[in-house]
Amino acid sequence: MRWSQSFLPTLRDDPAGAEAASHILMVRAGLIRQLGAGLYSYLPLATRVMARIEAIVREEMTAIGGQELRLPALHPAEIWKESGRWDQVDATLFRLQDRRGADMALAMTAEEVFTSIARDDLASYRLLPQIWYQIQPKFRDEPRPKSGVLRGRQFLMKDSYSFDLDEAGLAESFQKHHDAYRRVYERCGLEPIPVEASSGTMGGSESVEFMAVCDAGEDWIVTCDGCGYAANLEKATSRHGGCGEADDPDSCPAPEKFATPDQRTIEELAQAFDFAPATRQIKTLVQVVDGQPVLFLLRGDYELNDVKQADALGTTDQRPARPEEIEKVLGAQAGSLGAVGVEEIEVYADESLRGRRGMVTGANEDGFHLRHVDVERDLPQVKWVDVRSVVEGEGCSNCGEPIALKKTIEIGHIFKLGVRYSEPMRARVLTAEGKETPLVMGSYGIGIDRIMAAAIEAHHDDDGIVWPKSIAPFDVVVSPVKMKDEVQRDAAEKLYAELREAGFEVLLDDRDERPGVKFKDADLIGVPFRIVPGPRALVNGNVEFVTRGDRSGEKEEVPLGDVVEELRRRLA
RNA sequence: CGGGGCGUAGCGCAGCCUGGUAGCGCGCUUGCUUCGGGAGCAAGAAGUCGCCGGUUCGAAUCCGGCCGCCCCGACCA
């Protein structure tokens, strides 16, 4: 492609309102323009990159037996009602009505549509397993779109769906996807960490998220260098030892009320009383779950993790109680709450409190707390759950090594759905024994544009993008220093023709611009190799060969006649 | 949804407090000079000042309402 004829609108200044590196660079390098919140137009450079990512995804899907289909992105509400998700997923699903007033939805995933095809046309176990996929825009009415393409309201996703006869088959399809995804990421220059995750509203038994470490990320994951353990913070566990259990008394006297007129927070209480460090306090939180007040107890220094809470109670209808609700339920204000003697409402205690003695908690009377609390003895009514967020540096629950927290972005998510969709939608096949059995399904998503943005997050420098060779919009850019110089122009044109002939994607910067502008632009758009037929090298029959991102400062020269071979070697 | 900020030329911004008919840099067009890391000079094109209403002789500026976008939080397959 000739730069002078191309639509490559690069910008000198950072756009206002962009913070993430990938967002800034995608705008500056002319990959995207914003249309609205979370809505981006992809310009030619971006479509080139995405086409290459899609090609990699297609190859790897084909390699595991995937077959490409293309389904409507506009769905009648009926199938969403059939699966139950119409009422389950709430606001993130874009809903609309057609001219007759019929409810419709824009695809956020396509379990229902794929399942509807499977139930009509997969009738026998003989046809299983099947892996079907599509690459299609998806829509989600995000509460807060952000970071450019990293969290948009419309995005491009490869979603696939597996149909098996039984759990063993599903395990195989799931593993195939796991392996295929790893290959896709590796080929795209990414090294995401697979973690166990919460399945959320997708349903199903097990899911793995692929998380790319990234400054602009929004999910925290927990990793362990010792054993390779990795999990989403929403699911991670750890050893909470070394925090006071050892000092617990073997037995303690009956709970004793003491005055705490000026101590309303965990910290104030810890400051005022030696016997009440945060690790010895019981934090009491009131949540309203499915409209009913519920108590959660945690060690004083731990945080309630709301996703774990949702998983533990099996509902997402939850919110912190308002002050007046708390007062009504417990008779005291936040700051003096406790669960001792509370019987009318459900009490859930985090595992970190199990067996603790000599604890301090609120007395449900403003200005008073209780000491000498023995959890097993004084809180017999509690149900044990894991609802706390783990903390950096705690011992790994597998091997005890200290765990680390990392900020990441999700670039793929694979689910074992089981019969979550096939059961309500009655998608069944006949077994070899002639019995009807529901299809056992999996679903697998991978974000095409998110991979593109994540690759930029992982590969850029002060000058711009540094594309991995496999997904770069061009293999090489030819940048003559001075296009009006006949010798340079002829050399550039000859190289352009030769390189294209050899099968490379070539960008010829034939603009009548000063060299500084050309070099800056070339760096910004991140093409892996730049060939400069300039006066200095040409006198020796050479061209400069510059590798993007190579900071060694060495200028390499290559004989004109060897350029094709050299590039072939380096792109291999 | 709660809190904060911002909407003025394609992009980045000033002007608004203290009302008088819109400006700077980049980019763009033309010419001349220049030519190895975002050149210089000169001339030029380009703006419903987010929208609606109000106050006023007069509104980018003051008042009210609405819309949009960004950030923090809540939320998030």
Side-chain angles (χ1 to χ4, degrees), chain A residues 7 9-20 23-24 27-28 30 33-40 85 88-94 107-112 138-148 150-153 155 157 159 197-204 207-210 216-220 232 234 306-307 310 316-320 322 409-415 417 420 443-447 450 462-464 479-485 488 509 511-524 530 532-538 543-544 546 553 555:
Chain A
F7 183 48
T10 56
L11 260 32
R12 203 178 278 233
D13 298 315
D14 286 354
E19 310 224 322
H23 187 190
I24 292 170
V27 174
R28 279 196 58 204
R33 290 294 183 260
Q34 182 172 28
L35 181 64
L39 300 172
Y40 291 87
R85 285 164 103 200
Q88 195 189 341
V89 299
D90 255 12
T92 26
L93 181 66
F94 269 108
M108 61 182 229
T109 59
E111 280 75 7
E112 285 83 358
K138 294 291 181 296
F139 303 87
R140 290 186 196 173
D141 194 357
E142 294 288 348
R144 184 143 94 84
K146 56 183 283 202
S147 304
L150 278 177
R151 188 170 205 73
R153 292 195 293 177
F155 53 96
M157 179 165 120
D159 46 324
S198 166
S199 295
T201 56
M202 297 292 290
S207 87
V208 171
E209 287 176 309
F210 293 87
E218 43 197 18
D219 289 314
W220 289 96
N232 194 298
E234 297 166 352
D306 52 9
V307 176
T316 52
D317 179 6
Q318 58 187 32
R319 62 172 172 84
R322 289 187 281 268
I409 184 80
E410 174 188 350
I411 54 173
H413 200 156
I414 58 180
F415 299 86
L417 298 174
R420 163 66 184 82
S443 86
Y444 317 87
I446 193 165
R450 212 179 243 198
D462 290 346
D463 293 317
S479 308
V481 168
K482 190 175 177 181
M483 202 56 192
K484 280 181 178 160
D485 180 289
Q488 288 180 47
D509 193 349
R511 296 175 298 171
D512 183 21
E513 286 287 353
R514 297 165 59 84
V517 173
K518 294 186 175 189
F519 296 162
K520 286 285 185 191
D521 268 345
D523 287 348
L524 180 60
R530 184 175 88 226
V532 184
R536 294 173 190 169
L538 281 177
V543 292
E544 284 162 38
V546 185
K555 292 241 174 179

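In what follows, every chain begins at residue 1, and chains take the letters A, B, ... in the order their sequences are listed.
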Between B:rG47 and B:rC63, how far apart are the two C1' atoms, rounded to whole Å? 25 Å
Protein-nucleotides 31-35 of chain B N/O pairs closer than 3.5 Å?
unit_1	atom_1	unit_2	atom_2	d
B:rU34	O2	A:R514	NH1	2.9

Ranking B:rC26, B:rG36, B:rC69 by distance to the side chain of A:E544, first place goes to B:rG36
Closest-nucleotide 5' rank along RNA chain B - winner of A:E142 and A:A537: A:A537
When the P atoms of B:rC67 and B:rG19 are compared, how many Å lie between them, rounded to an integer? 30 Å
Which of the following nucleotides, B:rC71, B:rG37, B:rG38, is nearest to the side chain of A:R12? B:rG38
Spatial distance of atom CE (A:M108) from atom OG1 (A:T92) [nearest 0.5 Å]: 4.5 Å
Kindly point out which of B:rG37, B:rG38, B:rC69 is positioned nearest to the side chain of A:R28? B:rG38
For B:rC1, which nucleotide is its Watson-Crick or G-U wobble mate, given both distances must be under 3.5 Å? B:rG73
If each of A:P535 and A:F155 is mapped to the nucleotide of RNA chain B with the nearest heavy atom, which maps nearer the 5' terminus, i.e. the 5' end? A:P535
Should B:rG47 form a Watson-Crick or G-U wobble pair with both distances under 3.5 Å, which nucleotide is its partner? none
Contacts under 3.5 Å, N or O only, protein and nucleotides 5-12 of chain B:
unit_1	atom_1	unit_2	atom_2	d
B:rG12	OP1	A:A16	N	3.4

Shortest non-hydrogen contact between A:R511 and A:M483, atoms and distance: O-CB, 4.0 Å
